[in-house]
Every structure is written in structure tokens, then in C-alpha cells.
There are 2 protein chains.
Amino acid sequence: MIQRVNDSIAEENCFPALASVPHCARGSLGLLLSFLGSAITETADGQLAAAQLNGREYSILSILETDGPGSQAELARLLGKVPAMVVMAVDALEERGFVARERDPGDRRRTRVVLTAAGRAALARGHEIADETVAGALPGLSAEERGQLHALLQRGLWPSAT
Amino acid sequence: MIQRVNDSIAEENCFPALASVPHCARGSLGLLLSFLGSAITETADGQLAAAQLNGREYSILSILETDGPGSQAELARLLGKVPAMVVMAVDALEERGFVARERDPGDRRRTRVVLTAAGRAALARGHEIADETVAGALPGLSAEERGQLHALLQRGLWPSAT
DNA sequence: TATTGTTATACTCTATAACTATA
DNA sequence: TATAGTTATAGAGTATAACAATA
């Protein structure tokens with residue numbers, strides 16, 4: 001009995017250098033999504049160092065690329081975090097020249113955070129790393145199947161969006 | 001521009017009482033899995049209070065149900081956490097009568113953690129809550145499609161397991 | 001000597017609160 | 001008065017280290 005728990009780690013649950021999803025959580029979709037999310041978050045956070053980013057910074061740059069530039073308060077809301085958090089992250093990104101702060105002319109309280117060329121380059125590398133991390137976390141899926149997964153999740157999250 | 005970011009929260013990204021997945025993260029599967037995992041983890045953690053559990057305790061009981069009983073050190077490894085963490089969680093679970101500690105006769109250093117009847121009842125309620133949370137987080141998917149998602153993830157994570 | 005469970009301590013991360021500037 | 005950005009402080013959560021018991 002006890003041995004079986006051990007075996008599930010040793011034999012079935014090893015993708016190298018990746019935080020693991022315990023095989024005994026296989027029965028619950030909620031548990032699976034929760035563990036998989038943590039595993040990908042933590043693994044990517046480490047791997048993204050190769051792009052001079054951490055996970056949060058990669059999220060911020062991605063959001064800016066897709067819908068930006070936005071204010072810092074909006075970034076905080078999107079990330080589900082507190083504005084003070086974003087200030088520090090943007091400070092760090094600005095220091096590396098990945099983003100720049102600009103005063104919003106229409107409302108001088110707001111700070112527009114805009115991607116720089118260096119930021120876009122780091123982000124491009126970050127996308128590659130993120131994709132590799134997902135592929136490594138789901139070794140049983142082909143690129144096409146990962147695409148199906150992506151589409152399924154998009155439809156699940158935002159049914160209205162076509 | 002800035003307005004668009006706001007709209008994405010207000011119009012597209014609201015499933016009530018659920019931590020949100022920013023729609024602007026839609027382009028990256030890694031980001032999507034990361035945000036969705038966090039959203040489900042945090043939401044379930046709150047909802048599970050109705051079963052007198054938190055997220056970690058639900059994970060522990062689930063693992064015990066599927067592959068248990070195991071030692072506390074094994075639980076720690078499976079959860080990817082430190083043994084001290086498990087000690088406290090099992091303390092709390094034992095206090096509520098959801099698990100019991102038994103000395104392993106074969107190796108008196110080990111403590112077997114076993115589910116009680118009350119623990120199984122709480123876990124059953126927890127499963128319902130977890131399923132509701134997933135359904136709420138993926139409003140665009142039918143029960144059948146959630147089953148497809150589950151199967152896809154299982155195959156992706158453990159290709160060897162049939 | 002190594003491992004299990006446990007306790008106590010230290011640290012990291014995040015939220016809270018207070019402040020300035022602008023609306 | 002309310003909101004954006006910033007800073008400093010406090011708290012929660014987690015890991016680290018040290019210990020006793022058993023192997």
C-alpha cells in the first residue's frame with residue numbers, strides 16, 4: 001500500500017526538471033488542473049531566467065503585447081494582484097529596459113506601460129520557453145493535441161468569443 | 001487602448017465569485033493553464049469551507065483515498081511540499097476526526113495516515129465542490145466536454161498509463 | 001549513519017495602510 | 001471626494017534548521 005504511493009512517483013510521475021503532478025490526483029479534473037497549473041507556473045518561472053524574466057514579468061509583458069499599453073492599476077486588476085505588486089515588477093522590467101513608463105496625456109495620474117524593442121525580444125524568447133514547458137509537462141500530447149487543448153480551454157473560458 | 005483592457009474584464013472575463021483568467025492571456029496555452037490553475041485553486045479553496053476543508057486538505061484526503069494510506073513523508077513528496085507542512089495539515093485534519101494516525105508496525109518511524117468515515121464524507125462533499133468549481137471556471141464546456149478535457153490531460157500527463 | 005516525525009525559527013512573499021499628485 | 005502611483009510596514013505562509021526516536 002505504502003509502497004504503491006512511492007512507485008507512483010518513481011515510475012509514472014517523472015518528467016525531468018518539472019514540478020510534478022501526483023498520479024494519484026488523476027481522478028479529479030479540478031485537482032489535475034490545480035496541480036498542472038502549479039507545475040507549469042513553477043517550472044516556467046525557473047526556465048524563464050534564460051530570457052531574463054520571471055513568471056510574473058512574462059505575464060505582464062504578454063498582457064502588454066496582447067492588449068497594451070495599459071495603466072498599472074489595470075495590470076494589477078488583470079493579474080488579480082495588488083497595485084503595489086505591479087509597481088515593483090514594472091520597476092524591475094524598466095530597469096532592464098524591457099518596458100518604459102509614459103504619462104497618459106489625457107489623465108496625468110495614469111502611467112502607461114509600454115513594451116520596448118528589448119522587451120519584445122525577451123517576450124519572444126519567453127513564449128518559446130513557455131511552449132517548451134507546456135510540452136514538457138504534457139509529454140503524451142502531440143503539438144496538434146496541445147492545439148486542441150488550447151482551443152478547448154479558450155472555448156471553455158470565453159464561450160461568447162466566437 | 002487602455003479602455004480595451006478594462007472592457008476585457010467587465011464584459012468577457014466575469015464568472016461570478018471566481019478568480020479570473022485575463023482574456024488577454026488567451027494566446028498562450030502556458031499562461032492559460034497557469035492562470036486557470038490559480039483560479040481553480042483559489043476558488044476551490046474558498047468553496048471547500050462548506051466541506052470543512054481547505055484546498056491542501058482536500059488534496060491530502062484525495063491522495064489518501066486513491067493511493068493511501070501512506071506515510072507523511074510520502075505525502076509531502078507527492079504534494080511537492082516540505083514534511084513540516086504535512087505535519088500541520090494532518091494535525092488539523094486529525095483534530096476534526098477526518099484522518100487518524102497509526103504507527104506502521106513494520107517501521108515504527110513511519111506514521112500511516114488513514115481516512116476515517118467522517119473524512120470520507122467530507123471528501124465526498126469536497127469532490128462535488130471541486131467539480132462545481134471546474135464547471136464554473138469553464139462555463140463554455142458541457143459535462144461531456146469536461147470529460148474530454150479530463151481524458152486529454154490524463155493522456156498528456158501519463159502517456160504510459162493506457 | 002540515515003530516515004521519520006516534530007518543533008521552533010527565519011525568511012520570503014503579499015497584502016494593508018499611509019502619502020502625494022491629479023482628477 | 002475619488003483614483004493612480006508609490007512607499008513603508010505588518011502579516012501570512014513557507015522553508016530551514018535542529019531535535020528525538022527508530023532503523
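The figures here come from the full heavy-atom set of this structure, side chains too, leaving out hydrogens, waters and symmetry mates. A, B, ... follow the sequence lines: proteins, then strands. Residue 1 opens every chain.
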- Note on the structure: Side-chain atoms of B:Arg109 come closest, of C:dT16, D:dA21, D:dA15, to D:dA21

- Item | Position toward the 5' end of DNA chain C (nearest nucleotide), A:Gly106 or B:Asp91 | B:Asp91

- Taking the side chain of B:Ala73 as its heavy atoms from C-beta onward, which of C:dT4, D:dT14, C:dT6 lies nearest to it? C:dT4

- Looking at A:Asp91 and A:Arg101, does any basic side-chain N land under 4.0 Å from a carboxylate oxygen? yes

- For the side chain of B:Asp107, counting heavy atoms from C-beta on, which of C:dT7, D:dG5, D:dA23 is nearest? D:dA23

- Task: Look at the side chain of A:Arg108 and decide which nucleotide, out of C:dT22, C:dT7, C:dT4, has an atom nearest to it.
- Result: C:dT22

- Item | Atom pair distance, as rounded to whole Å: NZ in B:Lys81 and C1' in C:dT12 | 13 Å

- To the nearest Å, give me how far apart CE (B:Met88) and C1' (D:dG13) are. 8 Å

- Among C:dA15, C:dT7, D:dA4, which nucleotide sits nearest the side chain of A:Arg77? D:dA4

- A:Glu42 CD to C:dC13 P, in whole Å, measures 13 Å

- Quick one: which of D:dT14, D:dA4, D:dT16 gets closest to the side chain of B:Ala84? D:dT16

- Query: Is B:Arg56 touching bases, backbone alone, or none of the nucleic acid, heavy atoms closer than 4.0 Å?
  - Reply: sugar-phosphate

- Message: In this structure, how many angstroms lie between the C1' atom of D:dA4 and the CE atom of A:Met85, rounded?
- Response: 17 Å

- Query: Where the side chain of B:Arg110 is defined as all heavy atoms beyond and including C-beta, which of D:dT16, C:dT4, D:dT7 is the nearest nucleotide?
  - Reply: C:dT4

- Task: Determine the minimum heavy-atom distance between B:Cys24 and A:Leu78, stating which atoms define it.
- Result: SG-CD1, 3.9 Å

- Touch class at under 4.0 angstrom, heavy-atom based, for B:Arg101 against every strand present: sugar-phosphate

- Message: Quick check against the 3.5 Å criterion: does B:Ser34 have a side-chain atom that pairs as donor or acceptor with the backbone of B:Gly30?
- Response: no

